[in-house]
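Here is how names work: the chains are called A, B, and so on, in the same order as the sequence lines, proteins then strands, and each is numbered from 1.
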Amino acid sequence: MFSDKLSRYAAAAIQTLFNHTLSPESLTIQRTIPAFREFGDFSLVVFPLLKISRKSPEETARIIGEQLILLPEIAQYYVVKGFLNLKLSPQAIIAALGESAEIQPAAINKAELPVVLEFSSPNTNKPLHLGHIRNNLLGYSVAAILEAAGYKVHKVNLVNDRGIHICKSMLAWTLFANNETPESAGKKGDKLVGDYYVLFDKKYKEELAHLKSEGWSEEVAASKSLLMQQARDMLLKWEARDPEILRLWKQMNGWVYAGFDETYKTMGIHFDKIYYESETYLLGREIVNEGLKEKVFFKKEDGSVWVDLSEEGLDEKLLLRADGTSVYMTQDLGTAQLRINDFGTSRLLYVVGNEQNYHFEVLKLIFKKLGRPWAGNIFHLSYGMVELPEGKMKSREGTVVDADDLMAEMKATARSMTEELGKIDDFNSEEAENLYQTVGLGALKYFILKVDPRKNMMFDPRESIDFNGNTGPFIQYTYARIKSVLRKAGVYPGLNPDSFDAGLHPREHSIIVSLSLFSTMVNQAASELNPALLANFIYELAREYNQFYHELTILKEADENKRNLRLTISYQIAQVLKSGLNLLGIEVPERM
RNA sequence: GGUCCGGUAGCUCAGUUGGAUAGAGCAGCAGCCUUCUAAGCUGCGGGUCAGGCGUUCGAGUCGCCUCCGGAUCACCA
């Protein structure tokens, strides 16, 4: 807000003084660093202007300052070396306060393409774990932020419900389960199916070991494996729509979806549309055939289909197996095309881990080779892994942090901490449960989202996620604290700008400037697809408010104008904290 | 080995796209509740920004080299 305006003013001043036209965006205007906050709110860096002014840095800053001080919004300027510090007038500050919690969507008038945002993309063999939590939270938050910035967003999920791996769990269940069901086992369906996937792997390894003990080599043993043979047969039958196999497949998937739905619900995640690979891979095969016909792809002697990307600096990539069955890439070709068919020309965003960078590079290149005009709209929002102190999580080795368990633990921690503090003894049990859920999940979500998505992050299960300091509960607490003050204040009159001619307390002045940056931060988080920017911004704001709160009295302030101002600031801060947290998928409690 | 990503305080992370004296939290120590919610606030200690060279008025940020981690290069997904 302010910085845009100041850029324009400075550009105009430079035009007047030096008869030189510069775009406002080319100027560097930054928030004044705290050490000089007393002398300015924003600073213009004048070093790049010396060629134009042909004067010393100090002199250049001074004459621009002299020009700017003529504006009513600028109260004073102060030159330090090559920095022109500008202090805003109390009237300008007060005027900004009223609209500080509003988001001005930057994309709304730019005719931006709608966004189809894929996230979650679970595999029906694997119960959701901490890695999926990061994916889901990122996807959900990025969608919310893009919408706030004025984009039309379609949230889509792609369920990986077909393929050789799915046949493995089906086979293991057929052979070893004795018709066990989630009900009979007392287990969530996704957990039950996941257990059979792990069991397949175990039995397969036993079989391999046995074969090798008979003297076969690794490769021969793999080819002689009866279990693998049966799984492959099952995939062939599945692709041939064998009724018996389809029936089993539907049954087991139904169990998994019931389990997933429960986890999504707790996480607070939902989608506008769910795609299933079982429905998209056929279109993928058509695209492969189209590419074959147009000689973009080629067939090897064994019948398998490939694309040659050596000209692009990559290698050959398989698109269809020799037996005609599909691979991952096959279905992703179909899925992308289907989304364009469903939503028209769009930006296709994929929230997928950075381990698949290569896959998406290939996907883009293939569509480019096929001449799709929208190939350039594919964007892989590649996020880093969640690592444990021992290293990467591995489903098959059981070193995963289960999503359901973790969320339950967070809630339990919130419960014990709340009980210890004893502030909500008048809550009924439903209100209390809601609070534990809100705070526990708030801690988890913030913990994940405050980290730059592109970077790997560390999670140590032995150290519980903090509730103090730079955390979700800290921000929630600040919100609840403000609400408590506002409840006690009751109704209060609006502000009279003229009553602040003498100036504002530095804390008041500074926090309003911080507040005014909210809308810019949301738009920046949207253009960078980075919720962490927003998370860290609202944390700083909450921290600043707590300092304000400790230093100044609000309700007991005798001067009515000051009391009103502080209440208004408190209200606006609460609004921003709430809306900022909501953009991260985090709820706020009215009391805690 | 090729390609890509990363390395900032004991630990976990920021660092506004090249700007001023590199910041938070946690952990440690010392204070602050008769007063608007102490899940808070204040203070102290803690740094060769992996290392080197370069570009620049100015480099944690850009370029090159080296070292160290990770991912990927599957008829797995």
Examine [N]: is either OP1 or OP2 under 4.0 Å from a nitrogen or oxygen in the side chain of [X]? Give yes or no.
{"X": "A/R321", "N": "B/rC76", "value": "yes"}
{"X": "A/Y358", "N": "B/rU72", "value": "no"}
{"X": "A/K81", "N": "B/rG58", "value": "no"}
{"X": "A/R162", "N": "B/rA77", "value": "no"}
{"X": "A/N468", "N": "B/rG25", "value": "no"}

So, using side chain to side chain contact (heavy atoms under 4.5 Å, CB included) as the criterion, who are the partners of [X] when residues are at least two apart?
{"X": "A/E279", "answer": "A/Y276"}
{"X": "A/A480", "answer": "A/M592"}
{"X": "A/Y204", "answer": "A/F200, A/E207, A/L208, A/A222, A/S225, A/L227, A/M228"}
{"X": "A/A336", "answer": "A/L348, A/Y350, A/F367, A/W374"}

Separation of the [atom1] atoms in [N] and [M], to the nearest angstrom:
{"N": "B/rU42", "M": "B/rC33", "atom1": "P", "value": "16 Å"}
{"N": "B/rA14", "M": "B/rG25", "atom1": "P", "value": "16 Å"}
{"N": "B/rG40", "M": "B/rA24", "atom1": "P", "value": "16 Å"}
{"N": "B/rU61", "M": "B/rC49", "atom1": "C1'", "value": "10 Å"}
{"N": "B/rC44", "M": "B/rG6", "atom1": "C1'", "value": "33 Å"}

I'd like to check the ring-ring contact (aromatic ring centres under 6.0 Å, His included) partners of A/Y545; sequence neighbours left out, ordered by chain and number.
A/F548
Donor/acceptor link under 3.5 angstrom from A/N546 side chain onto base of B/rA39:
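Such a pair does not exist between side chain and base.
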Looking at the base of B/rA39, is there any donor atom on it, or on the side chain of A/T478, that sits under 3.5 Å from an acceptor on the other one?
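Absent.
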Watson-Crick or G-U pairs under 3.5 Å in RNA chain B, rendered as dot-bracket with [ ] for crossing pairs and | for another strand:
(((((((..((((.....[...)))).(((((.......))))).....(((((..]....))))))))))))....
Give [X] one of three labels, base, sugar-phosphate or nothing, depending on what nucleic acid heavy atoms sit under 4.0 Å from its own.
{"X": "A/L552", "answer": "base"}
{"X": "A/A489", "answer": "nothing"}
{"X": "A/F537", "answer": "nothing"}
{"X": "A/N85", "answer": "base"}
{"X": "A/L421", "answer": "base"}

Determine which pairs satisfy salt bridge (charged side-chain N to carboxylate O under 4.0 Å, His left out) with at least one residue from [range], sequence neighbours left out, and list them in order.
{"range": "residues 22-45 of chain A", "answer": "none"}
{"range": "residues 313-330 of chain A", "answer": "A/K300-A/E316"}
{"range": "residues 472-482 of chain A", "answer": "none"}
{"range": "residues 545-556 of chain A", "answer": "A/R507-A/E551"}

Does anything in residues 297-312 of chain A come within less than 4.0 Å of RNA chain B? Heavy atoms only, and list the residues if so.
A/D302, A/S304, A/W306
With no hydrogens and no angle check, just 3.5 Å: does a side-chain donor-acceptor pair link A/Y479 and A/E590?
yes
Answer syn or anti for B/rC33, where the cut-off is 90° from 0 on the glycosidic torsion.
syn
Anti or syn - B/rU17, cut at 90° from 0:
syn
Just wondering, are more than 12 heavy atoms of other shown residues or ligands nearer than 6.0 Å to CZ in A/F360?
yes
Would you call A/K81 and A/E58 a salt bridge, using N to O less than 4.0 angstrom?
no
I want to confirm an ordering. Mapping A/D315 and A/Y539 to their closest nucleotides on RNA chain B, which one lands closer to the 5' end?
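On the 5' side of the pair lies A/Y539.
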Both A/E551 and A/K317 contact RNA chain B. Which one's nearest nucleotide lies toward the 5' end?
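Here A/E551 is the residue nearer the 5' end.
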Counting primed atoms, P, OP1 and OP2 as sugar-phosphate and everything else as base, the B/S/- map of nucleotides 9-19 of chain B against protein heavy atoms under 4.0 Å is ---SSSS-B-B
